[in-house]
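The structure appears right after this line, and notes come after that.
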Amino acid sequence: PEPSPISRMPDEEESGEGNQKCFTTVSRRKALMMGLAVAVAVAILITVLVLNLPSSEHADSDLGNNMHESCSDYGRIPDMWNQCQPNDFGEPTIVNIPSCQKEQYAALTSALAEYLPEGGLAIDSCDPTNMALLSMAETMPNIDSHAEFSTNALVERFSVICLYFATKGNRWAGSSQWLSEDSHCAWFGVTCDADQIIEIVLDLDLNKLGGTIPSELAILTQLKILKMGGGDIEGAIPVEVYRKLTNLELLALNGNRLEMEIASEIGGLRSLTHVDISYNNLGETTLPSELGLLSDLEFIQCFFCQLAGTLPTEIGKCTNLEIVSFASNFIGGTIPTEIGQLNTSLRHLNLNTNNLEAGPIPSVLFRLTQLTTLSLFSNSFRGPAFPSEMLSNLTNLENLDLGRMSLTGTIPTTELSVWAPSLITLYLSVNSISGTIPTEVGALTRLETLGLDQNNISGSLPSELGLLSSLQRLYLWEGNRLLSRRDVPPELERLLRENAVCKFESDCDSGADYEARHF
């Protein structure tokens, strides 16, 4: 039989129900495709993660070949201080040490065994030496596969990293490249010669060093210069440093918080030429006689460091000494006659603000014919301010500071001419000097400071004072019997105005000005 003809659907049904079915089918297909896409993405992500997560055996193998990729981010400097946390007993310990770091640590402790404390170190200890080892284990290539790290380079690198952790390197103002994978010879403040460290200069711009000086510094037996001033370093210089750094030429630890005695072992630093340990609290220590063994010593400075006792007679054996400054301490007794043996070398002698024994200025000082600076300010000397030997022998003086004592006599006249070519500072304030100011003082044309206040000087001011064209400080009026300031000669009045000369110590004696004059 013939099939029935296909009848056309009504327009309303075709446009309604048909469109609904079509829309439903398309939506299902889109949802299915999106689900498949998400599933594929997740599968790919899981695959990538699995492929990049090696097995424990493979990881151990990789660590031996390339520690940087397997143990730490390349070039990253680990912050050991953040890893140092209190344990359950409140004791600081290093936490979260990866296994790869432990393996390298073991290799390092074996290679550096002779430089480590007896009995070893706990790997989780926050001791600076242990932190140095852990830092090296994190940032160094595997030492077993790099022959250069079994030589002196490894040992010296260990030494300076110990210095970094012992002196709180995380707060240094300047620490460029420190602890990085670069050669330690490229680190800030470190200088090498033939791959051996010869200089450590970390006192630039007050670098904020703290902590203590580590004994491991003694490893650097070729070190010639050590400058770590202007910080908060505490404690003492380790004895090992005195005994091992026999090539050290310059030692500058000024401006710290050291509390120590100057050990007799300092005599072992036979190459020393410069020593500066000023502005430290040395606890009224005395200068050891072993200073006399430092035959190359040219410069020694220790002011404001609480030195006590007396000057050792052995200082006379340091025949290359040019500058000696022990100002603002508690040194007593007499100046040893042996200091006269420095007559061909000593240019600067500053013993101001001490407890040196009362009496005339020691005549042995007048044998030091090369002196350009002599400062005895604020001691107990009395007697003539200008002994004839001083005027005839010390012809090179540029700075003469004899203030705040009990000196007497008058200001010399014609004898002043010997100082005319050189004298810059003549400070005699707070004494018992009498008489008048001689006209010959006008010959001292290089004079910048003239201090004569609080004496028994009388009379009028000579017009020749106006010839002192370099004058910056003129202390005359307080405590003397001079004419009033209304009677200042016009030549001097003009100089005071043109040079803006300071006329009263209390008005212009800033800390910097005080140190410039007395130190």
- For Lys208, what residues pass the side-chain contact (heavy atoms from CB on, under 4.5 Å) criterion, not counting sequence neighbours? none

- Query: Quick one: are Ser328 and Asn352 in side-chain contact, heavy atoms under 4.5 Å?
  - Reply: yes

- Query: Under the side-chain hydrogen bond (donor to acceptor under 3.5 Å, both in side chains) test, which residues partner Tyr105, sequence neighbours left out?
  - Reply: Asn130

- Report yes if the side chains of Leu376 and Asp401 come closer than 4.5 Å at any heavy-atom pair, otherwise no. no

- Message: Could you measure the distance from the CD1 atom of Ile237 to the CD atom of Glu261? Nearest 0.5 Å is fine.
- Response: 12.5 Å

Run the side-chain donor-acceptor check on residues 209-223: report pairs under 3.5 Å with partners two or more places apart or on a different chain.
unit_1	atom_1	unit_2	atom_2	d
Glu216	OE2	Thr129	OG1	2.8

- Task: Kindly assign one of parallel, tilted or perpendicular to the pair Trp172 and Tyr164, based on the angle between their ring planes and the thresholds 30° and 60°.
- Result: perpendicular

- Task: Of all the heavy-atom pairs spanning Ile262 and Pro288, show the shortest one and how long it is.
- Result: O-CG, 3.6 Å

- Of all heavy-atom pairs linking Pro312 and Pro336, the shortest is O-CG, 4.0 Å

- State which residues pass ring-ring contact (aromatic ring centres under 6.0 Å, His included) with Trp187; sequence neighbours excluded, sorted by chain then number. Trp178

- Does the side chain of Leu250 come within less than 4.5 Å of Lys227's, by heavy atoms? yes

- Task: For Ser392 and Ser388, indicate whether the former's side chain and the latter's backbone hold a donor-acceptor pair under 3.5 Å.
- Result: yes

- Scanning both residues in full, the closest heavy-atom pair of Leu269 with Leu245 reads CD2-O, 3.2 Å

- To the nearest 0.5 angstrom, please state how far the CG atom of Leu428 sits from the CD1 atom of Ile433. 4.5 Å

- Item | Chi angles and distances behind the side chain to side chain contact (heavy atoms under 4.5 Å, CB included) call for Ile323, Glu298 | CA-CA 6 Å; Ile323 295 176; Glu298 300 172 4; over 6 Å; no

- Task: Kindly write out the residues that satisfy side-chain contact (heavy atoms from CB on, under 4.5 Å) with Asn280, not counting sequence neighbours, or none if the list is empty.
- Result: Asn256, Leu258, Ile277, Leu282

- For the residue pair Phe330 and Leu307, establish whether any side-chain heavy-atom pair is separated by less than 4.5 Å. no

- Task: Flag the pair Leu133 / Ile123 as yes when at least one side-chain heavy-atom distance between them is below 4.5 Å, and no otherwise.
- Result: no

- side chain to side chain donor-acceptor pair (under 3.5 Å) between Asn393 and Glu389, worked out: CA-CA 6 Å; Asn393 293 346; Glu389 288 180 277; 4.7 Å; no

- Give the minimum heavy-atom separation between Ser380 and Leu356, together with the two atoms involved. CB-O, 3.6 Å

- How long is the span from the CD1 atom in Ile300 to the SG atom in Cys318, to the nearest 0.5 Å? 7.5 Å

- Query: Hey, what do you get for OG (Ser183) to CD (Glu156), rounding to the nearest 0.5 Å?
  - Reply: 10.0 Å

- Taking all non-hydrogen atoms of both residues into account, name the closest pair between Asp296 and Arg270 and its distance. OD2-O, 3.6 Å

- Item | Partner residues of Glu440 under the side-chain hydrogen bond (donor to acceptor under 3.5 Å, both in side chains) criterion, sequence neighbours left out | none

- Query: Roughly how far, to the nearest 0.5 Å, is OG of Ser432 from CG of Asn456?
  - Reply: 5.5 Å

- Query: Are there more than 12 heavy atoms of other residues, nucleotides or ligands under 6.0 Å from atom CG of Asp195?
  - Reply: no

Which donor-acceptor pairs under 3.5 Å do the side chains of residues 407-415 make with protein atoms, sequence neighbours left out?
unit_1	atom_1	unit_2	atom_2	d
Thr408	OG1	Gly383	O	3.4
Glu415	OE1	Thr413	N	3.3

- For atom CD of Gln196, is the number of surrounding heavy atoms from other residues, nucleotides or ligands below 6.0 Å larger than 12? yes

- Those residues that, when tested against Glu234, pass salt bridge (charged side-chain N to carboxylate O under 4.0 Å, His left out) (two or more places apart): Arg257

Review item, side-chain donor-acceptor pairs of residues 358-373, under 3.5 Å, at least two apart:
unit_1	atom_1	unit_2	atom_2	d
Thr372	OG1	Arg347	O	3.1
Thr373	OG1	Asn399	ND2	3.1

- So which pairs with a foot in residues 235-313 pass disulfide (SG to SG under 2.5 Å), sequence neighbours left out? Cys302-Cys305

- Task: Show your reasoning for whether side chain to side chain donor-acceptor pair (under 3.5 Å) applies to Thr449 and Arg473.
- Result: CA-CA 5 Å; Thr449 298; Arg473 292 169 287 272; 2.7 Å; yes

- Task: Check for a donor-acceptor pair, side chain of Asn480 on one end and backbone N or O of Leu476 on the other, with a separation under 3.5 Å.
- Result: yes

- Query: Where do Glu505 and Tyr427 land on the side chain to side chain donor-acceptor pair (under 3.5 Å) test, with the steps shown first?
  - Reply: CA-CA 12 Å; Glu505 238 177 311; Tyr427 189 83; 2.7 Å; yes

- Query: So, for Glu181 and Thr139, which heavy atoms are closest and what is the spacing to 0.1 Å?
  - Reply: CG-O, 3.0 Å

- Message: According to side-chain contact (heavy atoms from CB on, under 4.5 Å), who are the partners of Ala186, at least two apart in sequence or on a separate chain?
- Response: none

- Message: With heavy-atom distances below 4.5 Å as the criterion, would you say the side chains of Thr273 and Phe299 are in contact?
- Response: no

- Message: Which label fits Tyr279 and Phe304: parallel for a plane angle under 30°, tilted from 30 to 60°, or perpendicular past 60°?
- Response: parallel

- Task: List the steps and the verdict of salt bridge (Lys or Arg N to Asp or Glu O under 4.0 Å) for Asp453 and Lys503.
- Result: CA-CA 10 Å; Asp453 58 318; Lys503 298 178 284 295; over 6 Å; no

- Is there side-chain contact between Trp419 and Leu447, with at least one heavy-atom pair below 4.5 Å? no

- Task: Taking the side chain as every heavy atom from C-beta outward, state whether Leu291 and Glu314 have any atom pair closer than 4.5 Å.
- Result: no

- Spell out, as yes or no, whether a donor-acceptor pair under 3.5 Å connects the side chain of Asn455 to the backbone of Asn431. yes

- Note on the structure: Residue set satisfying side-chain hydrogen bond (donor to acceptor under 3.5 Å, both in side chains) with Ser278, at least two apart, ordered chain then number -> Asp276

- Task: Go through the steps for Leu311 and Leu351 under the test side chain to side chain contact (heavy atoms under 4.5 Å, CB included), then give the verdict.
- Result: CA-CA 10 Å; Leu311 293 174; Leu351 299 173; 4.1 Å; yes

- Query: Taking Ser125 for the side chain and Asp127 for the main chain, is one N or O donor matched with an acceptor at less than 3.5 Å?
  - Reply: yes

- Note on the structure: Output for pair (Ser469 OG, Glu448 CD), nearest 0.5 Å, gives 10.0 Å

- Item | Chi angles and distances behind the side chain to side chain contact (heavy atoms under 4.5 Å, CB included) call for Leu349, Ile339 | CA-CA 10 Å; Leu349 178 61; Ile339 203 169; 4.2 Å; yes

- From CA spacing to verdict: side chain to side chain contact (heavy atoms under 4.5 Å, CB included), Tyr475, Cys502: CA-CA 8 Å; Tyr475 310 134; Cys502 178; 4.1 Å; yes

